[in-house]
Amino acid sequence: MDNKPANNFLHAIIADDLAAGRVTEVVTRFPPEPNGYLHVGHAKSICLNFGLAEAFNGRCNLRFDDTNPAKESPEFVASIQEDVRWLGFEWHDEVRYASSYFQQLYDWAQHLVREGNAYVCDLNADQAREYRGTLTEPGVNSPYRDRSVEENLDLLERMKAGEFEDGSRVLRAKIDMASPNMNMRDPILYRIRKIEHHQTGNDWCIYPTYDFAHGQEDAIEGITHSICTLEFEDHRPLYNWLLDHLPVPSRPRQYEFGRLNLNYTVTSKRKLKQLVDEGVVDGWDDPRMPTISGLRRRGYTARSLRKFCDMIGVTRSDGVVDVAMMEHAIRDDLNENAPRAMCVLRPLKVVLSNYPEDKTEYLSAPCHPSREELGVRELAFTRELYIDAEDFREEANKKFKRLVLGKRVRLRNAYVIEAESVLKDEAGEIVEVQAKVIPNTVGNDPEDGIKAKGVIQWVSATEGRRATVRLYDRLFSHEAPDKGDNDFMALVNPNSLELIEGAWIEAGLVNAQPEQSFQFEREGYFVADRHEHRPEAPVFNMTIGLRDSWNNGQK
RNA sequence: UGGGGUGUCGCCAAGUGGCAAGGCACCGGGUUUUGAUCCCGGCAUUCGCAGGUUCGAAUCCUGCCACCCCAGCCA
């Protein structure tokens, strides 16, 4: 991989563990729950876990933490694998599932019971909440806390056999109801859920909680460094308590880092799901979504996302990254790698009065301004062309470096032209510009010494092709749609998508491969839509615009 | 007001007692057949605040303040 050797506190901890002989190999894991699509925050975790394993010649497992069948589905299991691979990572061996350890987990639950460290509790959810106490008041022991080992074993067996209703009983660890750490107040280990599981079918009607599953899964897989986000910090004592009280085959350690927060963005599976479910976007992979599949469809490359994760670093502080950094990462990649092409978004016809009607010249244009090896392409130059409506004005001040009546402009990779007159419709709208070609100006300045003021893109009206282009803007107009009591659904930018059906592209572009990126010169980076682009009906998505120091504030 | 964390430029982030890296953003200037790229220059006498230790502190000590997380049979 082209990742830099990530230098963060976890890298240092691991290097130290290796040096001190605490571990002889590094084993990490990426443990998503298959209850939604992966988003850019997961990309950070993926780069971290796979990157660390790679940096130390260790391995990284992909493990589905599928302990709650109510929220999970095979669709998510599939999409997650695709996203991880697309990002450029390969997990060690087969995909793992927490559900494949259910029997072992159950055996360990019995072990805890036999040792007097767990009990079946008949309190319902409401009662349990009352007994739990509050942040400032200790909890109260459950009246079922002191059942005999025999009774507990019997009850647990019957829970598993499906004798009791959902919610009627749970298995709890017997720790300390007065602990200042809420997670240690006899946490729930198993709950009854009579629903089918996407991997284990109807084999089980009791399912382990995250707390009872995660550390043990890590131990089973020989994970050395179990990396999770900050909010699990309070769970670490429980994670360790369980490992201390169970005959596990290895001793993993948990470390936490600050999850990625991006401004103008929502990164919460629940909220992303709501955007999808309520039709605000066209699906999990809508190009406006911060999901990995959405960014992919938008035109972000895996390399740019890895670069971005590199740029933001990994620490224990929890901040908000400016989305401009992610935009920089993709611009940087595409500037270097995307072939150039021309596209006219809002076509305005230009007729070159002194250019023969039946003539077509093929002008050669480099595909990249600084990378000759990317080759050249041929551009059809004809009497009738399209330029962008925004690139013409009847009159303008000297700061306007485009076409103005009576003035000259350079057509990119072609001639300098001079505007002579305009044709307007009844409404006074300009529908056509009459202009003349300045002879011998392909590759040369005008011989009369009157230079063009600027350069604009163009496409032959007769040889070019029509295309659908989707322009995107940020999905949220608010910097922190997620924050506090903000109603993120009300902060959705109503203009996040602008559909342009009649854009005009140079002919060669219809043969673009789905997911191929281009820079449409002077406009931005665009990608042929992964699903909808076809030669007969080209569809391009705007990935990101070019930096524009003129458009900002002016115009 | 219990417990656990975090506070270095607008944002991210190095720095672990020796005199504030880097990136993003922003602001100049140069090159340019993309108002892009590229290049050059600017951008924290100061590290949440207040004391203290020390020849010397972002780094050590004390106190305070701010923000984040925890009372799901979610993860």
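In what follows, chains carry the letters A, B, and so on, assigned in the order in which the sequence lines appear, proteins first and then strands, with residues in each chain numbered from 1.
- Scanning for side-chain contact (heavy atoms from CB on, under 4.5 Å) contacts around A:L546 gives A:Q519, A:Y525, with sequence neighbours left out.
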Strictly under 3.5 Å: I want the nitrogen or oxygen pairs between protein and nucleotides 7-10 of chain B, one per line.
none

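- Take A:P34 and apply the side-chain contact (heavy atoms from CB on, under 4.5 Å) test, not counting sequence neighbours, and it matches A:F64, A:D66, A:E72, A:F76, A:V77, A:I80, A:H198.
- Separation of the P atoms belonging to B:A13 and B:A20 is 22 Å when rounded to the nearest angstrom.
- Under the salt bridge (Lys or Arg N to Asp or Glu O under 4.0 Å) criterion, A:E233 pairs with A:R316, not counting sequence neighbours.
- Between B:G5, B:C69, B:C24, one nucleotide has an atom nearer to the side chain of A:M311 than all others, and that is B:C24.
- For A:R169, the salt bridge (Lys or Arg N to Asp or Glu O under 4.0 Å) partners two or more places apart in sequence, or in a different chain, are A:D122.
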All N/O pairs under 3.5 Å across the protein-nucleotides 71-73 of chain B interface:
unit_1	atom_1	unit_2	atom_2	d
B:A71	O2'	A:R132	NE	3.4
B:G72	OP2	A:R129	NE	3.4
B:G72	OP2	A:R132	NH2	3.0
B:C73	OP1	A:R132	NH2	3.3
B:C73	OP2	A:R132	NH1	3.2
B:C73	O2'	A:R193	NH2	2.7
B:C73	N3	A:G167	O	3.2
B:C73	N4	A:L123	O	2.8
B:C73	N4	A:A125	N	3.2
B:C73	N4	A:G167	O	2.8

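- Checking B:C49 for Watson-Crick or G-U wobble geometry (two distances, each under 3.5 Å) identifies B:G63 as its partner.
- Within 90° of 0 lies the glycosidic angle of B:G72, which makes this nucleotide syn.
- Listed by chain and residue number, A:D154, A:E163 satisfy the salt bridge (Lys or Arg N to Asp or Glu O under 4.0 Å) test with A:R158 (two or more places apart in sequence, or in another chain).
- The side-chain hydrogen bond (donor to acceptor under 3.5 Å, both in side chains) search around A:S168 returns none, not counting sequence neighbours.
- Side-chain atoms of A:T229 never come within 3.5 Å of backbone atoms of A:E231 as a donor-acceptor pair (strictly under, hydrogens ignored).
- The side chain of A:T315 places an N or O atom within less than 4.0 Å of a non-bridging phosphate oxygen (OP1 or OP2) of B:A13.
- Separation of the P atoms belonging to B:U1 and B:A66 is 9 Å when rounded to the nearest angstrom.
- With a 4.5 Å cut-off on side-chain heavy atoms, A:H42 and A:F30 count as touching.
- Residues satisfying the side-chain contact (heavy atoms from CB on, under 4.5 Å) criterion with A:C205, sequence neighbours excluded, are A:K194.
- Where stacking is scored as ring centres under 5.5 Å apart with planes under 30°, A:Y210 does not register as stacked on the base of B:A75.
- The stretch residues 362-371 of chain A touches RNA chain B through A:P369, each having a heavy atom under 4.0 angstrom from the strand.
- The shortest distance between the side-chain N/O atoms of A:R316 and the OP1/OP2 oxygens of B:C12 is not below 4.0 Å.
- Applying the ring-ring contact (aromatic ring centres under 6.0 Å, His included) rule to A:W241 yields the partners A:H245; only residues at least two apart in sequence or on another chain are considered.
- When the C1' atom is used for both B:G4 and B:C40, the distance is 49 Å, rounded to whole Å.
- With distances taken from any side-chain atom of A:D65 to the nucleotides B:A75, B:A36, B:U34, the minimum falls on B:A75.
- Legend: residues meeting side-chain contact (heavy atoms from CB on, under 4.5 Å) with A:A365, ordered by chain and number and at least two apart, are A:R377, A:L379, A:N413.
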